[in-house]
Amino acid sequence: MIKRMSLISAYIALGCAATVLPVLFSIYIANEDVTRREQRDLRQYAEKAVMRTELVTYQGFAAIADLQAEHGAPCSPEYLGRAAHVIFNYRYVRDAGAYGDGRYLCSPLFGDVRAQDVALPPPRWRSNDGYLVWFQQKNPLSDVREDIQIGRNGEYVSIDPQSYVDVMDPAGRPIATINTDLNSIVALSTGADPDEMLHAWKRAGRVDSDEWNYAVARSTTRALGVVVKGRRTSLLRDWPGLLAMWLSMGVALGAGFGWFAFKRISRQVSFQATLEWVIARKAIDVVYQPIVRLASNECVGVEALARLNLNGRDISPDIFIAVAEQTGLIQPLTDLVLEKTLDELTELLCSRPSFYVSVNVSSEDLRTPRFLKIITAKLARTGIRPAQIRIEATERSFLNADATRQTIAAFRSAGHPVYIDDFGTGYSSLAYLQTFMIDVLKIDKSFVDTIAQQAASSIVAPHIIDMAHELGVEIVAEGIERNEQVEYLLRRGVQYGQGWLFAKAMRREELVAWLEARRASHAPAQPAIQ
Ligand code: C2E
Ligand code: MG
Ligand code: MG
């Protein structure tokens, strides 16, 4: 019972694991998928931002070149007119003019300030190709306004830092533009924290955060880079569709697999457990099928065949014998069949000393003398002769040669004849089998069926019969259903037969009545064999 409970628990656990594991796996995959998508998306956003940064910078360069292209003397009315034109033409340029000796000289915004000494501090950075850059350059006219100022050879342009980070983004993800030589911030979008963005830049975006993802991108032409950040989406909140898809797949797969495994395994387990229970309660029945001497139509013995009925349904011996063999239950089953047979037939066997019963055994029963010892113990003081209990073993039992050879020899020397059952269904040659010194050969029904028919396989039966004669073993033909088969077998010298033509397997009471009826009539009961 405990074994059964623990087995059932194990299968329930297996079923649960089979259901839950694919779901967990699906969630994991979905999460990985979401993270991958988010990171790819953020990287694309960073690339876009860096392109914007380059665009604004190149506009600044172009504006300076335009200013220098053709102008009158610096700060002349033509020059200032030209500068005003540049401001008008270049979207990101807010002011353009001339500087020199650490001072602003003139621009359309300042006017001509050469006489006023408006100081211009030294630039923060100088590019290899001669551009000077002032970051967060306070405009002398305003306390609030800070520009990025790019200058070259005495001309400069002022650019609103916001234009560097003004990238269209519905999610409004923060951006910082970085000077990659100085590792310092050039421009910052609203809501971005300079320290945090710089930290992320220095770590190339690899920052541990449950809330944010970071990505960086670098310009390939200028000393510029950007760092952007995007909120990490909660899988459950923001990917319901994706998650639902993965989840439903996981649940369907898991449930399907779990159901399949549970059904399959529980059927096997419950059948094995039932068989164990049935054997323990001796709830197997035994029926007996007559074996007839063909020449005289006299019933010389019976074969004991096990029967299992579960809830009103007969289970085929081919099934429950196979399960018993696979699950280590065959020995108790063989013992039970012997026990019931002796309980039921002892009287009959004692009253007819030449009548016998043959019992089917499996390879396990032939491996050791265990079963022989049981028979010997049970026969003691019953009056049954050992020759009245015969052993039927199929070809398959002879595979374990050495041990089987010894056990068969022991059965025979104890007086129990040994039969080879279902001969012809395996691959053994009769000559090989005869090295085991068996007494009788039972030709399988499949060959007997072909007798007196035109089938190509019908040549096998005569061949087997001839060989058996040559080797001196007696023959029982199994599964005889037609009179022609009996006639043929008699012509070929086959001594015994078994089959529905004579009788099906019967319970003890029916068997006794059947034997009585035959004896009373003194004549063949069922078949009219000429
Ligand atoms: P088997 O030992 O060759 O038994 C003969 C089988 O052929 C029996 O099937 C029997 O009912 C069937 N049979 C006999 N005459 C005819 C016939 O004229 N027509 C047809 N169609 N069938 C016929 P059953 O009882 O279903 O047993 C099947 C097999 O299960 C047996 O074949 C035997 O190998 C195995 N078996 C049965 N009882 C036991 C047992 O107690 N122990 C072991 N180890 N095996 C058993
Ligand atoms: Mg048999
Ligand atoms: Mg057979």
Side-chain angles (χ1 to χ4, degrees), residues 275 278-279 282-292 294 299 301-309 313-345 356-367 370-371 374-375 389-398 417-426 433 438-451 461 464 475-486 489 496-507 510-511 526-527:
L275 195 57
V278 157
I279 293 171
K282 305 190 182 211
I284 298 269
D285 290 321
V286 182
V287 291
Y288 308 95
Q289 187 177 29
I291 298 171
V292 170
L294 294 176
C299 176
V302 288
E303 176 178 4
L305 293 162
R307 289 287 176 268
L308 171 60
N309 185 287
R313 271 181 57 205
D314 285 328
I315 311 294
S316 162
D318 291 325
I319 293 172
F320 71 82
I321 297 288
V323 173
E325 281 174 342
Q326 285 161 18
T327 56
L329 291 171
I330 192 66
Q331 290 188 345
L333 190 133
T334 309
D335 296 355
L336 179 61
V337 170
L338 176 74
E339 185 185 328
K340 291 220 158 185
T341 302
L342 291 179
D343 281 354
E344 295 181 347
L345 297 193
Y356 67 86
V357 57
S358 65
V359 178
N360 291 286
V361 298
S362 289
S363 48
E364 278 301 303
D365 302 308
L366 290 179
R367 225 187 272 272
R370 186 201 68 92
F371 187 55
I374 289 180
I375 299 181
I389 306 296
R390 305 187 172 191
I391 303 298
E392 285 195 20
T394 56
E395 273 179 61
R396 275 170 288 129
S397 324
F398 291 78
V418 176
Y419 289 30
I420 293 184
D421 203 355
D422 302 343
F423 182 76
T425 54
L433 289 177
I438 47 97
D439 297 281
V440 179
L441 178 136
K442 294 186 86 173
I443 304 179
D444 190 63
K445 178 177 183 301
S446 54
F447 299 108
V448 175
D449 282 345
T450 64
I451 286 175
I464 294 174
I475 304 169
V476 178
E478 291 186 306
I480 299 175
E481 292 179 347
R482 289 173 287 124
N483 271 316
E484 310 89 84
Q485 292 169 319
V486 177
L489 291 164
Y496 303 100
Q498 182 183 352
W500 293 355
L501 180 69
F502 308 107
K504 288 194 173 180
M506 298 171 275
R507 290 178 176 275
E510 293 170 85
L511 174 72
Q526 307 264 324

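Order of listing sets the numbers, starting from 1, for every ligand and every atom in it. Residue numbers run from 1 in the order of the sequence given.
Scanning all protein heavy atoms for the shortest distance to atom 28 (C) of ligand 1 gives D318 OD1, 3.5 Å. In terms of protein heavy-atom proximity, atom 20 (C) of ligand 1 is closest to K445 CE, 3.1 Å. Among protein heavy atoms, the minimum distance from atom 8 (C) of ligand 1 is reached at L305 CD1, 3.9 Å. Looking at atom 19 (N) of ligand 1, its nearest protein heavy atom turns out to be E481 OE2, 2.6 Å. Protein heavy atom in closest approach to atom 18 (O) of ligand 1: W500 N, 2.8 Å. Nearest protein heavy-atom contact of atom 46 (C) of ligand 1 is I321 CD1, 3.6 Å. Shortest contact from atom 44 (N) of ligand 1 to any protein heavy atom: S362 OG, 3.4 Å.
Two residues are said to be in side-chain contact when any heavy atoms from C-beta on lie closer than 4.5 Å; L441 and I464 meet this criterion. Here the side chains of N360 and I321 are not in contact, with every heavy-atom distance at 4.5 Å or above. T334 is not listed as a side-chain neighbour of I374, based on a closest heavy-atom distance of 4.5 Å or more. In this structure, K442 and D422 have side chains that are not in contact, with every pair of non-hydrogen atoms separated by 4.5 Å or more. Side-chain contact check for R507 versus V287: some heavy-atom pair is nearer than 4.5 Å. Taking 4.5 Å as the limit, some side-chain heavy atom of D285 sits within range of a side-chain heavy atom of K340.
Counting heavy atoms under 4.0 Å from ligand 1, residue Q289 touches it through the side chain alone. Residue contacts with ligand 1 for D421 involve side-chain atoms from C-beta outward but no N, CA, C or O (heavy atoms, distance under 4.0 Å). Contacts between V286 and ligand 1, counted as non-hydrogen atom pairs separated by less than 4.0 Å, are absent for every part of the residue. Under 4.0 angstrom from ligand 1, the non-hydrogen atoms of N360 come from both its backbone and its side chain.
Every residue was checked against the salt bridge (charged side-chain N to carboxylate O under 4.0 Å, His left out) condition with E325, not counting sequence neighbours, and none meets it. With sequence neighbours excluded, the residues that form a side chain to side chain donor-acceptor pair (under 3.5 Å) with D335 are R370. Partners of E510 by salt bridge (charged side-chain N to carboxylate O under 4.0 Å, His left out), not counting sequence neighbours: none found.
In this structure, E303 counts as a contact residue of ligand 1, since one of its heavy atoms falls inside 4.0 Å of the ligand.
Distance remark: protein heavy atom present below 4.0 angstrom from atom 41 (O) of ligand 1. Atom 2 (O) of ligand 1 lies below 4.0 Å from at least one non-hydrogen atom of the protein. Not a single protein heavy atom sits closer than 4.0 Å to atom 6 (C) of ligand 1. Shown here, atom 12 (C) of ligand 1 is out of close reach of the protein: none of its heavy atoms lies under 4.0 Å off.
The distance from ligand 1 to the heavy atoms of G479 drops below 4.0 Å at these ligand atoms: 15 (N), 16 (C), 17 (C), 18 (O). Listed by number with element, the atoms of ligand 1 under 4.0 Å from a non-hydrogen atom of G499 are 15 (N), 18 (O). Atoms of ligand 1 found under 4.0 Å from any heavy atom of P317 (numbered from 1 in listed order, with element): 24 (P), 25 (O), 26 (O), 27 (O), 30 (O), 37 (C).
Between T450 and F447, the closest heavy-atom pair is OG1-O, 2.6 Å. Scanning all heavy atoms of the two residues, the minimum distance from A477 to V448 falls at CB-CG2, 4.0 Å. Between T341 and V357, the shortest heavy-atom contact is CG2-CG2, 3.7 Å. Summarising the geometry of S362 relative to S397, their closest heavy-atom pair is C-OG, 4.3 Å, with the distance given to 0.1 Å. In plain terms, the two heavy atoms of E392 and S358 that are nearest each other are OE2-OG, 2.8 Å. Closest non-hydrogen pair, P290 versus L511, comes out as CG-CD1, 4.3 Å.
Taking OG from S363 and CD from E395, the interatomic distance works out to 13.0 Å, rounded to the nearest 0.5 Å.
Of the polar atoms of T334, none of the N or O atoms is found under 3.5 Å from an N or O of ligand 1, judged by distance alone. At least one N or O atom of R307 sits closer than 3.5 Å to an N or O atom of ligand 1. The shortest N or O to N or O distance between A306 and ligand 1 is below 3.5 Å. The distance criterion of under 3.5 Å between nitrogen or oxygen atoms is not met by Q498 with respect to ligand 1.
For the Mg ion (ligand 2), the count of nearby protein N, O or S atoms, meaning those under 2.8 Å away, is 4.
None of L329, L333, V278, I279 except one satisfies the side chain to side chain contact (heavy atoms under 4.5 Å, CB included) rule with F320; the exception is L333.
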